[in-house]
Amino acid sequence: MKFKIRGLICIALILLMLFTGCSKRCKHKETIWIIDREPSCTVAGSKHEECTKCKEIISKKSIAVTDHTYVDGKCSVCGYESKLTYELDSDGKSYIVSGLSDFFASKELVIPKEYNGLPITKIKDYAFANKDIPSIVIPGNIIEIGERAFMNASIDNIYIENGLKVIGELAFLGCSVKNIEIPSSVTTIKYQAFTMSEIESIILSNNLTEIADGLFQSCKYLKSIVINQGVKKIGVSAFRDCINLTSVTLFNDLTTISDSAFNGCSNLVSINIPNNVSYIGPYAFYNCTSLKEIKTSTSLTIIEEGTFENSGIESIFLTGRITDIKSNAFAGCKNLSSVTIPDGVKIINKEAFKNSGISKIILPSSITEIEESAFEGCNNLTKFDLPNSINEIKTNVFKNSGLIEVNIPNNIININDLAFEGCNNLTTVNISSDKINMSIDAFKNCPNLVFNEYNDCYYLGNELNKYVALITIKNENIIDCRVSEYTKFICRRAFKDNSSLTSIVISDSVVYIGEEAFYSCSNLTDVVMSNNIEEIDNSAFSNCSSLNLTLFDNAYYMGSKTNPYLILVKSKSKKISSCNINESTKIILDHAFFNCPKLESIVIPQSVKYIGRKTFYGFRTIKIYICNSENNVKTGDYWCPDYSKITWNYTE
């Protein structure tokens with residue numbers, strides 16, 4: 001009996017080893033999936049993975065339900081009626097999703113791959129506009145989303161499979177979707193596709209080459225964006241008014257940031273412009289009030305109009321390739337304290353730094369022009385060194401600025417009216433030049449400016465000569481005036497419209513009399529002119545009806561103590577047919593022979609060095625013979641109506 005029991009135990013052990021030996025020895029090197037139940041459009045299928053050698057089941061999985069097979073809007077398998085509507089495409093080879101039934105109430109919408117046996121390839125314009133779709137799956141067979149397809153749609157989730165190529169204009173305008181990933185198959189996203197949507201984050205396709213105009217304009221919930229490698233251009237207003245955008249990542253393929261691209265991104269703190277960016281459009285960073293620091297590209301040559309206007313930048317590095325700073329470029333940048341303008345910049349345009357916080361600016365010698373209101377309202381700007389390369393200070397350039405002292409270099413020949421208007425702290429203006437076309441109005445409303453006084457007139461000068469420029473009269477009732485013997489020029493409109501003045505002695509130190517200096521001094525009779533006068537500007541003695549003039553041949557003259565014919569003032573009448581100009585005449589005033597149609601020819605002697613504006617204007621037949629070279633005679637604008645009628649270096 002014992003032997004029988006022992007035998008049974010041995011047999012059992014042998015059988016156990018046989019049944020367990022395979023699993024211990026088999027490595028399941030080859031497996032196969034076997035479908036246990038085919039899926040349908042109503043029931044999920046199932047499958048298992050088993051070892052091809054030992055047949056052991058390794059794992060099990062379910063198979064998702066299949067798409068409905070729609071025929072004329074009804075599934076041929078289960079009878080389900082589609083909530084989508086379709087249109088046959090113009091090519092007759094595919095279908096377009098055209099809309100959604102008003103009775104759609106599912107939590108998820110899945111666009112099928114086929115309809116009536118043909119592929120579905122597009123979503124029509126306005127297809128889902130204003131619809132409430134909690135979740136939507138766009139399969140890879142869809143290659144294009146049409147214009148305004150999801151405009152103002154209420155969508156919680158959207159999943160786009162790889163295969164889509166084009167997203168149309170305004171496709172997601174005002175859509176409530178928060179997060180979206182654009183597959184790499186997408187190569188084009190058109191104008192304003194996501195404008196005013198509630199998008200918070202988005203992953204862009206890495207095959208885009210351009211961010212379209214207005215693409216994310218007014219997306220007030222968008223917080224960050226990565227512009228992928230390969231994108232060369234950010235379009236006009238692409239991120240305009242994205243008020244919560246704080247982070248932007250750009251790559252070196254980028255070459256263009258278009259107009260107003262980040263305009264109004266008030267929470268954008270910093271941005272690094274890649275070195276291949278050669279163009280940043282006007283107002284690109286306008287009203288980026290939190291933007292503190294920016295480094296410009298080494299490829300950039302122009303700071304365009306309003307590029308950084310009203311931004312919060314505190315410092316900016318301008319590279320040596322910058323040649324032009326356009327209007328309003330840094331206007332309203334209250335936190336910007338100092339700027340070094342690189343060598344090569346020629347023009348600082350209108351209102352470039354207006355109302356900014358700038359207190360120090362370093363200008364290169366390449367600057368040739370500073371335009372109107374460039375530094376207007378710069379209250380922190382107390383000192384400004386005008387470069388020797390400019391010759392004019394234009395209107396309102398320093399209006400309402402904080403300047404205390406101004407040194408006008410010798411190269412300045414013109415200071416426009418209101419150039420320093422409202423500079424309340426300005427006390428000192430130093431002038432060294434022999435000639436500047438300027439007037440008292442250049443310093444309008446500068447209550448603390450100190451003038452020098454002499455013989456009832458106000459002067460400006462320098463430490464060595466306080467009387468360089470006669471600016472204006474001190475006493476409106478002035479009758480007689482003697483100009484300081486140290487004065488170089490009489491300013492524009494200095495005595496204009498003064499009816500009290502009867503006589504003036506202009507000292508021999510004066511070389512220039514400004515425009516309208518004595519205009520309409522109706523009672524001015526006696527003028528003793530400087531022998532060294534070189535130029536008398538437009539209308540300096542116009543409407544001075546009481547002047548005592550000297551007649552010579554057919555013209556009237558004004559003179560000095562030693563030369564009564566120094567200045568030819570006007571013709572004897574408009575009817576003269578000839579005129580012999582005196583051989584000692586140095587200047588012919590503007591309009592002197594204006595509209596004298598019978599005057600057929602005239603000889604201008606070698607003594608004449610200046611011919612005023614429109615001297616011979618009003619008739620084109622006159623022949624002018626000048627006994628001097630063109631280089632030795634200075635002329636005003638439009639002095640001659642026909643330059644072909646001029647003979648230079650004439651000898652009688």
Could you tell me whether [X] atom [atom1] has more than 12 heavy atoms of other residues or ligands within 6.0 Å of it?
| X | atom1 | result |
| --- | --- | --- |
| Y221 | OH | no |
| K47 | NZ | yes |
| Y279 | OH | yes |
| M151 | CE | yes |
| K190 | NZ | no |
| Q229 | CD | yes |

L208 and T188: side chain to side chain contact (heavy atoms under 4.5 Å, CB included), yes or no, with the steps? CA-CA 6 Å; L208 291 175; T188 303; 5.7 Å; no
Counting distance only, does the side-chain N/O of [X] pair as donor-acceptor with the main-chain N or O of [Y] below 3.5 Å?
| X | Y | result |
| --- | --- | --- |
| T209 | K232 | no |
| T52 | E30 | yes |
| N228 | L204 | yes |
| S356 | K334 | no |
| T246 | K223 | yes |
| T323 | T301 | yes |

State the [atom1]-[atom2] distance between [X] and [Y], to the nearest 0.5 angstrom.
| X | Y | atom1 | atom2 | value |
| --- | --- | --- | --- | --- |
| F420 | F375 | CZ | CZ | 11.5 Å |
| C219 | R240 | SG | CZ | 14.0 Å |
| Y286 | T307 | OH | OG1 | 12.5 Å |
| E144 | D89 | CD | CG | 9.0 Å |
| E210 | L215 | CD | CG | 10.0 Å |
| I199 | T195 | CD1 | OG1 | 12.0 Å |

Give the intermediate values and the outcome of side chain to side chain contact (heavy atoms under 4.5 Å, CB included) for residues L245 and I225. CA-CA 8 Å; L245 185 66; I225 191 77; 4.2 Å; yes
Show the numbers, then the answer: is there a side chain to side chain contact (heavy atoms under 4.5 Å, CB included) between I280 and L300? CA-CA 8 Å; I280 300 178; L300 199 64; 3.9 Å; yes
I'd like to know if [X] pairs up with [Y] as an ion pair, taking the criterion as any Lys NZ or Arg NE/NH1/NH2 lying under 4.0 Å from an Asp or Glu carboxylate oxygen.
| X | Y | result |
| --- | --- | --- |
| K394 | E369 | yes |
| K399 | E421 | yes |
| E198 | K178 | yes |
| K220 | D241 | no |

Say whether [X] and [Y], considering side chains only, have a donor N or O and an acceptor N or O under 3.5 Å apart.
| X | Y | answer |
| --- | --- | --- |
| S201 | N179 | yes |
| S359 | S337 | no |
| N328 | E351 | yes |
| S59 | E49 | yes |
| E87 | Y95 | no |

Do [X] and [Y] come within less than 4.5 Å of each other through their side chains, counting heavy atoms only?
| X | Y | answer |
| --- | --- | --- |
| I361 | F384 | yes |
| F330 | I325 | yes |
| I273 | I294 | yes |
| D324 | N349 | yes |
| I322 | I302 | no |
| N162 | S184 | yes |
| Y283 | E309 | yes |
| N416 | E392 | yes |

Nearest heavy-atom neighbours spanning S401 and C423: OG-SG, 3.5 Å
Report the C-alpha separation of L222 and N244 in whole Å, then their side-chain angles, then the decisive distance to 0.1 Å, and conclude whether the side chain to side chain contact (heavy atoms under 4.5 Å, CB included) test is met. CA-CA 6 Å; L222 184 64; N244 283 304; over 6 Å; no
Qualifying residue, where the test is side-chain contact (heavy atoms from CB on, under 4.5 Å) with F239 and the options are I211, N263, L268: I211
